[in-house]
Amino acid sequence: MVSARHPGTPLLASLDNVGQAGYTSFHAVETHGLDRTEGHDLSALPEQCFEEGAHIGALSQPEEFSIRLA
């Protein structure tokens with residue numbers, strides 16, 4: 001496995017099939033906790049990030065991108 005030969009190095013791969021890319025992306029988000037909002041101040045996010053007062057968690061608005069970056 002490539003990651004075993006390069007410990008501590010994030011790897012990036014591209015996929016040509018949109019369906020496969022979405023499926024793999026889901027696993028990457030889950031594995032690395034890229035959608036976790038704990039410890040982030042959500043109070044400044046726009047209203048479209050919330051439904052009935054609860055954060056939706058889609059992290060699709062530009063104001064939410066820093067959460068995934070962190």
Please identify each residue that fulfils side chain to side chain donor-acceptor pair (under 3.5 Å) with E38, with sequence neighbours left out. none
Which residues pass the side chain to side chain contact (heavy atoms under 4.5 Å, CB included) test with V2, sequence neighbours left out? R5, H6, L11
Please identify each residue that fulfils side chain to side chain donor-acceptor pair (under 3.5 Å) with D41, with sequence neighbours left out. S43
Return each pair, listed once, that meets ring-ring contact (aromatic ring centres under 6.0 Å, His included) where at least one residue sits in residues 26-45; pairs must be two or more places apart or across chains. Y23-H27
Taking only residues two or more places apart in sequence or in another chain, which ones pass side chain to side chain donor-acceptor pair (under 3.5 Å) with S3? none
Under a side-chain separation threshold of 4.5 Å, the hydrophobic residues clustered together with L12 are none
Members other than V29 in its cluster, when Ile, Leu, Val, Met, Phe, Trp, Tyr link by side-chain heavy atoms under 4.5 Å? L34
Could you tabulate the donor-acceptor pairs under 3.5 Å formed by side-chain atoms of residues 52-63, not counting sequence neighbours?
| from | atom 1 | to | atom 2 | distance (Å) |
| --- | --- | --- | --- | --- |
| H55 | ND1 | G57 | N | 3.4 |
| H55 | NE2 | E64 | OE2 | 2.7 |
| Q61 | OE1 | Q48 | NE2 | 3.4 |

